[in-house]
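Below: the structure, in structure tokens.
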Amino acid sequence: LADHLKAMLLGGDHARAKTAAPHFLVSYAGQGGRMIEELSIADESRDLRTPKNKFGEGGYYKTSLDDARRAKQRARAVGKDFAIAALVWMQGEANGGLKGGIVPSRWQPESPHPAGQQWYRDRLIAYRKKWSDDLRAITGQSGEIPMFTYQTLGAAGEAQLMAADRDPHIYLVGPHYMVPSAVNGYRAGRHGAPIHLAADGERWYGEQVGKVVHRVLAEGEDWQPLRPCKAWIDRARTSVLVEFTVPRPPLVIDESFFPREQTEAEGGFASLCGFQLRSAAGTRQALTAVEVESSTRVRIRLASALPTGAQCTLSYGLPYAGKLGVIAEIRKGPASESQPTTELVVEFHESDGGLPAGLKSLVAEGAFNVQASAGKRYAQATIRSVQQDHGSTVLGCENADLRGNAPFAVGQTLTALRIFPYGNLRDSDPEEAIYRFADKTYGTRAGQSYPLWNWCVLFSGFPIAETEAPN
């Protein structure tokens with residue numbers, strides 16, 4: 001974040017960024033896995049009702065103010081002025097509930113949608129306002145301090161978008177699902193948690209934030225992430241058209257950087273390229289194609305015409321990368337870092353040079369999940385190696401990554417899933433990253449630059465009108 005922002009302030013000159021003015025400080029006063037009120041002035045991590053494994057010394061908010069005081073003192077010591085240009089917020093998943101709502105604290109029940117999202121929206125807005133006021137009291141600067149947030153997964157992610165819509169000083173940079181998960185990493189004898197980001201993912205998203213901070217503060221751009229602004233049924237009632245706010249047109253349906261997101265269903269797909277259409281009763285409408293209609297518009301083709309008066313909504317963001325093939329053999333694999341492994345020998349439904357195109361994209365990114373079900377039997381595991389063996393494809397997983405220790409069975413059909421829910425819709429942002437993929441221990445992207453495209457935000461329940469509304 002800091003390096004990209006500094007380079008852009010110098011016209012993209014990364015070489016001068018370490019020594020040339022302007023000079024700025026970046027401080028961090030948080031901790032992973034914390035709820036919003038544990039990071040706020042409420043400091044709930046010290047509340048005696050907090051479970052022992054999450055009880056802590058706290059003081060995160062207080063530390064952020066102390067950082068500002070010390071930064072101001074440092075600036076004065078070297079004869080410089082000091083002001084805070086921006087706040088950055090990366091939090092939310094800890095407040096996400098298991099049923100799609102928001103958990104306000106560790107001792108309160110989950111608040112369902114939409115009340116839960118509204119609560120988080122209001123708390124984030126109040127947090128930014130309080131934070132800005134307290135920091136400005138220290139620095140003496142006038143004007144609100146803007147806050148830049150990412151979009152986490154689940155209910156909190158949608159609430160972050162809601163907060164940005166209500167507070168003109170909150171900017172949603174965009175989703176983070178495009179970056180690699182920490183499940184690819186390995187440290188202290190174990191892999192990282194799926195919800196977290198790999199080191200490459202942190203650097204990559206940091207550059208995304210630096211890009212948007214520069215565009216807002218230095219270029220005066222009224223930043224909006226890639227998101228839908230209206231959707232309607234076409235006259236033939238066999239398609240839904242969706243108009244988007246696009247940071248850098250044209251729109252792209254990208255099925256090469258990521259596998260095509262899809263869930264197979266009778267007559268078409270229950271989800272396609274991340275999109276899913278549901279009736280008022282919750283029934284999923286079969287889709288046949290997702291196409292770019294114009295630089296800012298997408299057409300979603302339906303397997304059958306919608307009846308007159310149908311009330312449907314649109315959602316975006318699922319993990320499914322389609323069916324892979326049938327398990328032909330299951331065998332013991334070689335130990336990995338002393339961990340026992342299992343190999344799944346798979347016969348693929350479709351072949352593209354030995355591997356389906358979607359699987360190639362998954363392998364390029366790193367670890368991914370597969371799942372299979374037969375009757376009441378269900379199995380899921382994280383795949384960490386893909387090899388060709390005498391004409392067969394072998395998927396390797398550590399036994400510790402078997403969900404619930406439930407084994408796979410010969411004859412089951414495997415479905416692939418990315419670690420994060422995602423979709424294939426992005427813009428064509430040409431901004432170049434400073435850094436490149438650096439970790440050679442997973443995937444095949446090491447040495448490539450981070451792509452700074454803007455991917456569509458995650459959303460659900462977006463209304464679809466009967467006819468196009470005027471702009």
Side-chain angles (χ1 to χ4, degrees), residues 1-32 34 36 38-43 45 56-91 124-150 163-164 167-173 199 202-223 431 433-435:
L1 188 162
D3 290 350
H4 192 94
L5 176 57
K6 184 65 177 287
M8 295 309 297
L9 289 170
L10 295 172
D13 190 342
H14 183 47
R16 295 178 55 227
K18 293 183 179 181
T19 58
H23 299 293
F24 57 86
L25 297 171
V26 179
S27 71
Y28 171 74
Q31 184 186 44
R34 288 296 175 189
I36 187 171
E38 293 172 346
L39 297 174
S40 76
I41 195 171
D43 205 10
S45 64
E57 295 182 358
Y60 310 110
Y61 187 85
K62 180 180 178 181
T63 297
S64 73
L65 303 185
D66 185 58
D67 286 346
R69 293 187 186 97
R70 292 188 293 122
K72 183 178 180 180
Q73 292 170 0
R74 175 60 181 166
R76 282 180 173 176
V78 295
K80 295 186 180 297
D81 295 327
F82 176 75
I84 297 173
L87 308 171
V88 178
W89 182 258
M90 285 189 76
Q91 185 277 338
L124 186 58
I125 292 172
Y127 194 119
R128 187 213 62 80
K129 176 64 175 171
K130 173 65 175 172
W131 203 11
S132 175
D133 289 347
D134 288 350
L135 290 170
R136 289 188 297 124
I138 294 169
T139 64
Q141 67 193 85
S142 61
E144 296 283 357
I145 304 176
M147 185 165 78
F148 297 81
T149 180
Y150 79 154
D167 185 339
H169 304 294
I170 296 179
Y171 296 90
L172 186 76
V173 172
E202 294 282 3
R203 283 190 294 270
W204 179 359
Y205 203 78
E207 291 214 49
Q208 289 279 68
V209 177
K211 175 188 75 176
V212 175
V213 170
H214 178 260
R215 288 181 180 173
V216 171
L217 299 185
E219 299 180 351
E221 182 172 331
D222 185 15
W223 174 263
E431 186 147 331
I434 292 172
Y435 290 101

Query raised in the report: Nearest heavy-atom pair of Ala86 and Leu217: which atoms, and what distance?
Result: CB-CD1, 4.1 Å
Query raised in the report: Looking at residues at least two apart in the chain, or sitting in another chain, which of them share a side chain to side chain donor-acceptor pair (under 3.5 Å) with Tyr61?
Result: Asp134
Query raised in the report: To the nearest 0.5 Å, what is the distance between CZ (Phe82) and NZ (Lys72)?
Result: 9.0 Å
Report summary line: For Glu38, the salt bridge (Lys or Arg N to Asp or Glu O under 4.0 Å) test, sequence neighbours excluded, returns Arg34, Arg106
Query - Under 3.5 Å: donor-acceptor pair, side chain of Gln208, backbone of Val173 - result: no
Query raised in the report: In Å, rounded to the nearest 0.5 Å, how long is the span from CG of Leu1 to OH of Tyr28?
Result: 13.0 Å
**Report entry** Shortest non-hydrogen separation from Leu10 to Ala20 and the atoms involved
**Finding:** CD1-CB, 3.9 Å
Query raised in the report: Does atom CD of Glu219 have more than 12 heavy-atom neighbours from other groups under 6.0 Å away?
Result: yes
Query raised in the report: Can any side-chain N or O of Lys6 pair as donor or acceptor with the backbone N or O of His23 at less than 3.5 Å?
Result: no
Query - Residues which pass side chain to side chain donor-acceptor pair (under 3.5 Å) with Glu202, listed by chain and number, not counting sequence neighbours - result: none
Requested in this report: Would you check if the distance from the ring center of Trp223 to the ring center of Phe148 is below 6.0 Å?
Outcome: no
Report summary line: With sequence neighbours left out, the residues meeting side chain to side chain donor-acceptor pair (under 3.5 Å) with Ser132 are Arg136, Glu144
Report task. Before giving the answer on side-chain contact (heavy atoms from CB on, under 4.5 Å), spell out for Ile170 and Trp89 the whole-Å C-alpha distance, their side-chain angles and the decisive distance to 0.1 Å. Result -> CA-CA 10 Å; Ile170 296 179; Trp89 182 258; over 6 Å; no
Report summary line: In short, Ser64 meets Ala29 closest at the heavy-atom pair N-CB, 3.7 Å
Report summary line: To the nearest 0.5 Å, atom NZ of Lys130 lies from atom CG of Leu135 at 10.5 Å
Query - Closest contact, heavy atoms only, Ser45 versus Gly58 - result: OG-CA, 3.3 Å
Report summary line: In this structure, OH of Tyr127 is separated from CD1 of Ile36 (nearest 0.5 Å) by 7.5 Å
Query - Closest heavy-atom pair and its distance - Ala7, Ile434 - result: CB-CD1, 3.6 Å
Report task. Taking the side chain as every heavy atom from C-beta outward, state whether Pro22 and Leu9 have any pair of such atoms under 4.5 Å apart. Result -> yes
Query raised in the report: When rounded to the nearest 0.5 angstrom, what distance separates CG in Leu65 from CH2 in Trp131?
Result: 9.0 Å
Report summary line: With Gln91 as partner, the option from Leu39, Leu124, Thr149 fulfilling side-chain contact (heavy atoms from CB on, under 4.5 Å) is Leu39
Query raised in the report: So, Lys211 side chain and Glu431 main chain: donor-acceptor pair closer than 3.5 Å or not?
Result: no
Query raised in the report: To the nearest 0.5 Å, what is the distance between CE (Met8) and CD (Glu207)?
Result: 10.5 Å
Query - With Tyr435 via side chain to side chain donor-acceptor pair (under 3.5 Å) - residues at least two apart - result: Asp3
Requested in this report: For Arg70, enumerate each residue passing the salt bridge (Lys or Arg N to Asp or Glu O under 4.0 Å) test, keeping only those at least two apart in sequence or located in another chain.
Outcome: Asp66, Asp67
**Report entry** Short side-chain to backbone donor-acceptor contact, Arg128 and Ile145, under 3.5 Å
**Finding:** yes
